[in-house]
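Below is one structure, written out as structure tokens; comments come after it.
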Amino acid sequence: QVRLVESGGGLVQAGGSLRLSCQASGSIFRLTTMGWYRQAPGNQREEVATISSGGTANYGDSVKGRFTISRDNAKNTVYLQMNSLKPEDAANYYCNSPVVGGYYRYAWGQGTQVTVSS
């Protein structure tokens, strides 16, 4: 059974940076597109970024130019480098693998909390 473990969240001031990690186990990791998602209280889940098995990255409009997604298939890990953080970035961040039809390949992990103070 695939398990996703997110880490790296914390409390930062506006303008600061964080690097999130997502480690997956029990999957054919190198063959899957992976993504980062976030959800703040009262809000819907939002796609932040995705990265294909070949390394092609896509970003949500709100984070373009500030966030960078990357992956290390040998470590079964996907990363999210977050720079120039804004209070609106505060949320619980999750990783998963998107599939056709708006579904997700794996069960959701616990996520990692990002808090941004102004």
Side-chain angles (χ1 to χ4, degrees):
Q1 184 175 2
V2 174
R3 301 181 71 176
L4 302 173
V5 180
E6 300 93 346
S7 62
L11 172 63
V12 298
Q13 292 185 330
S17 298
L18 285 172
R19 187 183 189 231
L20 308 184
S21 297
C22 168
Q23 186 172 47
S25 63
S27 70
I28 309 175
F29 185 87
R30 71 177 184 87
L31 300 178
T32 63
T33 295
M34 296 295 295
W36 282 98
Y37 307 84
R38 66 188 183 187
Q39 188 168 27
N43 291 355
Q44 294 182 317
R45 184 174 58 243
E46 175 188 12
E47 182 177 282
V48 176
T50 61
I51 183 167
S52 74
S53 60
T56 300
N58 288 284
Y59 300 93
D61 289 341
S62 64
V63 306
K64 287 180 179 177
R66 300 188 297 120
F67 291 10
T68 303
I69 188 171
S70 61
R71 65 193 297 163
D72 186 338
N73 290 336
K75 296 181 178 180
N76 277 1
T77 302
V78 61
Y79 305 96
L80 185 69
Q81 178 66 47
M82 305 187 296
N83 299 324
S84 302
L85 282 162
K86 304 175 180 179
E88 65 198 59
D89 295 318
N92 203 16
Y93 283 70
Y94 303 87
C95 64
N96 215 315
S97 181
V99 298
V100 64
Y103 297 96
Y104 300 92
R105 192 178 304 274
Y106 309 123
W108 296 98
Q110 294 296 307
T112 186
Q113 183 68 45
V114 172
T115 304
V116 184
S117 62
S118 60

Exercise. Do Ser62 and Arg38 pass the side chain to side chain contact (heavy atoms under 4.5 Å, CB included) test, and can you show the C-alpha distance, the side-chain angles, and the key distance before you say yes or no?
Worked result: CA-CA 12 Å; Ser62 64; Arg38 66 188 183 187; 3.2 Å; yes
For this session: Could you tell me whether Asp89 and Lys86 make a salt bridge, using a distance below 4.0 angstrom between a side-chain N and a carboxylate O?
Result: no
Exercise. Should Val5 and Val78 be regarded as members of a common hydrophobic cluster, given that ILVMFWY residues are connected when their side-chain heavy atoms come within less than 4.5 Å of each other, either directly or indirectly?
Worked result: no
Exercise. Which heavy atom of Ile69 sits nearest a heavy atom of Gly35, and at what distance?
Worked result: CD1-CA, 4.4 Å
Problem set entry | Separation of Gln13 CD from Leu85 CG (nearest 0.5 Å) | 11.5 Å
Exercise. What are the two closest heavy atoms between Tyr93 and Phe67, and how far apart are they?
Worked result: OH-CE2, 4.1 Å
Exercise. How about Gln110: does its CD atom have over 12 heavy atoms from other parts shown lying under 6.0 Å from it?
Worked result: no
Problem set entry | Ser52 versus Thr33, closest heavy-atom pair with distance | CA-OG1, 3.6 Å
For this session: State, yes or no, whether a side-chain contact exists between Trp36 and Glu6 at a heavy-atom distance under 4.5 Å.
Result: yes
Exercise. Is the shortest heavy-atom distance from the side chain of Ser17 to the side chain of Val12 under 4.5 Å?
Worked result: no
Exercise. Is any side-chain heavy atom of Arg45 closer than 4.5 Å to a side-chain heavy atom of Tyr104?
Worked result: yes
For this session: Indicate if Tyr37 and Tyr79 have the same hydrophobic cluster label, given that clusters are the connected sets of ILVMFWY residues with side-chain heavy-atom separations under 4.5 angstrom.
Result: no
Seminar exercise, completed: OG1 of Thr68 to CG of Asn83, rounded to nearest 0.5 Å, is 6.5 Å
Seminar exercise, completed: CG of Asn73 to OG1 of Thr32, rounded to nearest 0.5 Å, is 7.5 Å
Exercise. If you measure from CE on Met34 to OG1 on Thr77, what distance do you get to the nearest 0.5 Å?
Worked result: 9.5 Å
Exercise. For Asn92 and Gln39, what are the C-alpha separation, side-chain angles and deciding distance, and is it a side chain to side chain contact (heavy atoms under 4.5 Å, CB included)?
Worked result: CA-CA 5 Å; Asn92 203 16; Gln39 188 168 27; 5.5 Å; no
For this session: Write down the atom of Ala24, the atom of Leu4, and the distance for their closest heavy-atom approach.
Result: CB-CD2, 3.5 Å
Problem set entry | Exam field: side chain Asn58 to backbone Thr50, donor-acceptor pair closer than 3.5 Å | no
For this session: May I ask you to decide if the ring planes of Trp108 and Tyr94 are parallel, tilted or perpendicular, using 30° and 60° as cut-offs?
Result: perpendicular
For this session: Report yes if the side chains of Ser25 and Asn76 come closer than 4.5 Å at any heavy-atom pair, otherwise no.
Result: no
